[in-house]
There are 2 protein chains.
Amino acid sequence: MSTTTRGRADRRPSITDVAKRAGVSVGTVSNVLNRPDQVSDSTRDRVLVAIEELQFVRNASARQLRAGTIQTVGAIVLDIANPFFTEVARGVEDRLAADEYTLMLSSSDEDPEREARYLRLFEEHGVQGVMVTPSAGSLDGLLALRDRGIDVVLLDTTSPVDDISSVAVDDVRGGALAVEHLVSLGHTRIAFINGPQTIKQCVDRREGVLAALAAAGLDPADALVEITIGSLNAEGGEDGVNRLLDADGDRPTAMFCVNDLTALGALRALRAHGVAIPAEMAVVGYDDVVFASMLTVPLTSVRQPTHQLGWTAADLLLRQRSEGASFQHQRIQFQPELVVRGSSDPSA
Amino acid sequence: MSTTTRGRADRRPSITDVAKRAGVSVGTVSNVLNRPDQVSDSTRDRVLVAIEELQFVRNASARQLRAGTIQTVGAIVLDIANPFFTEVARGVEDRLAADEYTLMLSSSDEDPEREARYLRLFEEHGVQGVMVTPSAGSLDGLLALRDRGIDVVLLDTTSPVDDISSVAVDDVRGGALAVEHLVSLGHTRIAFINGPQTIKQCVDRREGVLAALAAAGLDPADALVEITIGSLNAEGGEDGVNRLLDADGDRPTAMFCVNDLTALGALRALRAHGVAIPAEMAVVGYDDVVFASMLTVPLTSVRQPTHQLGWTAADLLLRQRSEGASFQHQRIQFQPELVVRGSSDPSA
DNA sequence: TGAAACGGATGAATCGATTCATTATCGTGC
DNA sequence: GCACGATAATGAATCGATTCATCCGTTTCA
């Protein structure tokens, strides 16, 4: 089988093959690739022709092995299918592109094991840093990672330690905003569809919920019905509502869902059960994703600066990298904003 | 600074460091990592202790350089923020997990250049195969990739050549379904918000649109108003509607949007212009994404088997890999299904 | 004419993990 | 006491790109 018509390559051509074909040394080929101006025109052309003829493609492994490091950072979010996180990721990418870094993006699906697996994978591949929305309660793994020379920035959660930076939105305030709103509408019995307490966002929003209830003089024992779901998506929301409606006791007149995807599922289940919104059940979500305003019943939600969140996290990571020891760790916190719509307030 | 309290590693510990610390050879450390049963218990323990103490993490570059290949495949979709593609990607992951392959996932954002860049990146990293939803018209790059030994499967588009497999949904039929439906409701002037003709899905759906019009005895010159938008997302849809409403001539009474994200934007713009749906404008989308049924006006859409699409593409890729030369290339095509809702049919 | 300077090209050393032919050690059986 | 086999451990070679000290050939200038 000839070289040009072969159906499948026997082996990837290496820089040595190119050198042989062009009649130069491997060093020269490398120079053509990395410092073209140090090579004479004629030699460069010969090498380029050989590269073209052999369809040579650089071997990233060999490159990285020698270089020791790559212009890449990793990011792990809770759920890549959640529009909130895709918007955050877009912000990350935009900042990274400016410094010609690339991104390895993964979704932990809120599973600490998956998170750990991806972190290890990133580390083995030699990323310079990672942005993580932790799904586990403990930061030990991340601290160890940091000690091994990989910069860490927490994404969408406030750092509990002084020596790791974070970029977040004030989730306590966000949770409070939602419940203050419901209370101001006269609701005194509120369901809270929340995720596991291993996830910081869930903990913080809950704290805000409790604070708002306390401020209104309501006793959580009477005023709050908590439902914990396994995953923060539409299925979780449906499941939460089904369990709520099956339960004994006074049915709440309002509901706060820990995010919009959950709210979407909750709305679907509520409709299936013929529960009128907001008349029989007011609903508030969190994130203000793109479709929140366009639902059958437009969803009241807590808005967050998604793109900015991602952009800032990436910025912090890159600066931490470039400034080295002089870098000051910081906890950046944005403020959320309540957007009132028909799902909670008929007059909206 | 001592080893245990150092704030930042000077250098990643290598297998040699571990060997030194454990008082064994590098070969033995490698054996502990890869063939633990060929090592005596006491030696293995010593090595494991050293690994733990040094916080040793394998260097993926060196590993791959030696191995020559990795259990990884790449996938490039048009828009990772589109729920359609996240569901497809989930299908891919589920199939890959069964064979312990990992996935590198990227979004071309419908930009042929980005697509080419990611393909090259994947290739440099030594992926075994790629699944691509092409954004460029030409397949030359993919054919060349295939010739260099990287398996290729087209995702969500039917292969135009015999020697590349594909998994797709019949987009011609899907486009026809949408327009047949609108015609059956009595519409004789229909807007088609479509993407660039470099994207195969756009070409095919358009072909279906034209076929359905022809079958109904309608002349496209009168019956069809085509609007071409730059990107297949909500912004594109808004833009399309604005241009449609600004245009001279009879305003269409119905609209087919090339996908649901576009339809979402279109609905938003139509509402902003005070156009009643479906009374003044019937709307049909494509993909039947999760929120389509839950919009203010539930969206009529063309449903596709997303998860199955991704799963099957990955299956084809892995089988192609394992069966080698005996593998028969195939074009797998699923059938779409029209889901009628209120945005087109008030009685639905 | 000879020395210095300079642009180009060279090729051996290097990165870290894996592999495999070789060696070392020990126990078993005759 | 010796040979043999089995089990463990070794360490040199390898993968492919990069780097850098070195070398070569020209040109320039004293």
Side-chain angles (χ1 to χ4, degrees), chain A residues 9-48 50-51 54-71 120-121 123-128 148-149, chain B residues 9-48 50-51 54-71 120-121 123-128 148-149:
Chain A
D10 318 317
R11 189 179 57 84
R12 271 170 83 175
S14 76
I15 206 175
T16 315
D17 300 323
V18 174
K20 231 170 263 171
R21 177 130 188 164
V24 299
S25 72
V26 290
T28 301
V29 177
S30 178
N31 282 336
V32 169
L33 295 169
N34 301 300
R35 305 174 212 68
D37 45 328
Q38 286 188 23
V39 180
S40 73
D41 290 358
S42 67
T43 319
R44 181 169 56 241
D45 288 349
R46 274 218 319 290
V47 171
L48 289 176
I51 286 176
L54 292 175
Q55 299 250 51
F56 166 76
V57 175
R58 265 202 191 63
N59 183 321
S61 302
R63 221 165 129 69
Q64 285 172 30
L65 173 58
R66 187 65 231 269
T69 177
I70 41 170
Q71 297 279 93
R120 172 154 281 255
L121 208 65
E123 186 176 8
E124 289 183 352
H125 277 86
V127 300
Q128 298 195 7
R148 271 176 259 135
Chain B
D10 318 319
R11 188 180 57 84
R12 268 170 87 176
S14 76
I15 205 175
T16 314
D17 300 324
V18 174
K20 232 170 263 170
R21 176 129 189 165
V24 298
S25 72
V26 290
T28 301
V29 177
S30 178
N31 281 336
V32 169
L33 294 169
N34 301 300
R35 304 176 212 68
D37 44 329
Q38 287 188 21
V39 179
S40 73
D41 290 358
S42 66
T43 322
R44 181 169 55 240
D45 288 348
R46 276 218 319 290
V47 171
L48 289 176
I51 286 177
L54 292 175
Q55 298 249 49
F56 166 75
V57 174
R58 264 201 188 70
N59 182 322
S61 302
R63 222 166 129 67
Q64 285 171 32
L65 174 58
R66 187 65 233 266
T69 178
I70 40 170
Q71 298 279 93
R120 172 155 281 259
L121 209 65
E123 187 176 7
E124 288 183 353
H125 278 86
V127 301
Q128 297 196 6
R148 271 176 258 134

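Every value quoted in this text rests on a predicted model; they were computed, and no experiment measured them. Residue numbers begin at 1 in each chain, while the letters A, B, ... track the order of the sequences.
Of all non-hydrogen atoms in B:R46 and B:V24, the two that sit nearest each other are NH2-CG1, 3.4 Å. The shortest non-hydrogen separation linking A:N59 to A:R12 is CA-NH2, 3.5 Å. Taking each heavy atom of B:A62 and A:L65 in turn, the nearest pair found is CB-CD1, 3.8 Å. Heavy atoms only, all atoms of each residue included: A:A19 and A:V26 are closest at CB-N, 3.8 Å.
In this structure the side chain of A:I51 reaches within 4.5 angstrom of the side chain of A:L33, judged on heavy atoms. Proximity of B:H125 to A:Q64: side-chain heavy atoms (C-beta onward) are separated by under 4.5 Å at one or more points. Here the side chains of B:N34 and B:R63 are in contact, with some heavy-atom distance below 4.5 Å.
One distance of note links OG1 of A:T28 with CZ of A:R35; it measures 11.0 Å at 0.5 Å rounding.
For DNA chain C, the span of nucleotides reached by chain B at under 4.0 Å from its heavy atoms goes, 5' to 3', from C:dG16 to C:dT19.
Two end axes, each from the C1' atoms of five base pairs, can be drawn for the helix from C:dT1-D:dA30 to C:dC30-D:dG1; they diverge by 60°, to 10 degrees.
Checking side-chain atoms of B:E124 against main-chain N and O of A:V57 turns up no donor-acceptor pair under 3.5 Å.
Within 4.0 Å of A:R35, counting heavy atoms only, lie sugar-phosphate atoms of the nucleic acid but no base atom. Contact annotation for B:S61: no contact, since no heavy-atom pair falls under 4.0 Å across all strands. Within the nucleic acid shown, B:G68 has no heavy atom closer than 4.0 Å to any nucleic acid atom. Among the protein residues, A:S30 comes within range of the nucleic acid bases, having at least one heavy atom under 4.0 Å from a base atom. Across all strands shown, A:S40 has heavy atoms under 4.0 Å from sugar-phosphate atoms exclusively, and none from any base. Residue contacts for B:V29: at a heavy-atom cut-off of 4.0 Å it reaches no nucleic acid atom on any strand shown.
The nearest heavy atom of DNA chain D to B:A67 and to B:N31 marks one nucleotide each, and the one closer to the 5' end goes with B:N31. Each of B:A62 and B:T28 was matched to the nucleotide of DNA chain D holding its nearest heavy atom; the match closer to the 5' end belongs to B:T28. Taking the nucleotide of DNA chain C with the nearest heavy atom to each of A:S42 and B:G27, the more 5' of the two is matched to A:S42.
In this entry the distance linking CG of B:D37 with P of D:dA8 reads 9 Å, nearest Å.
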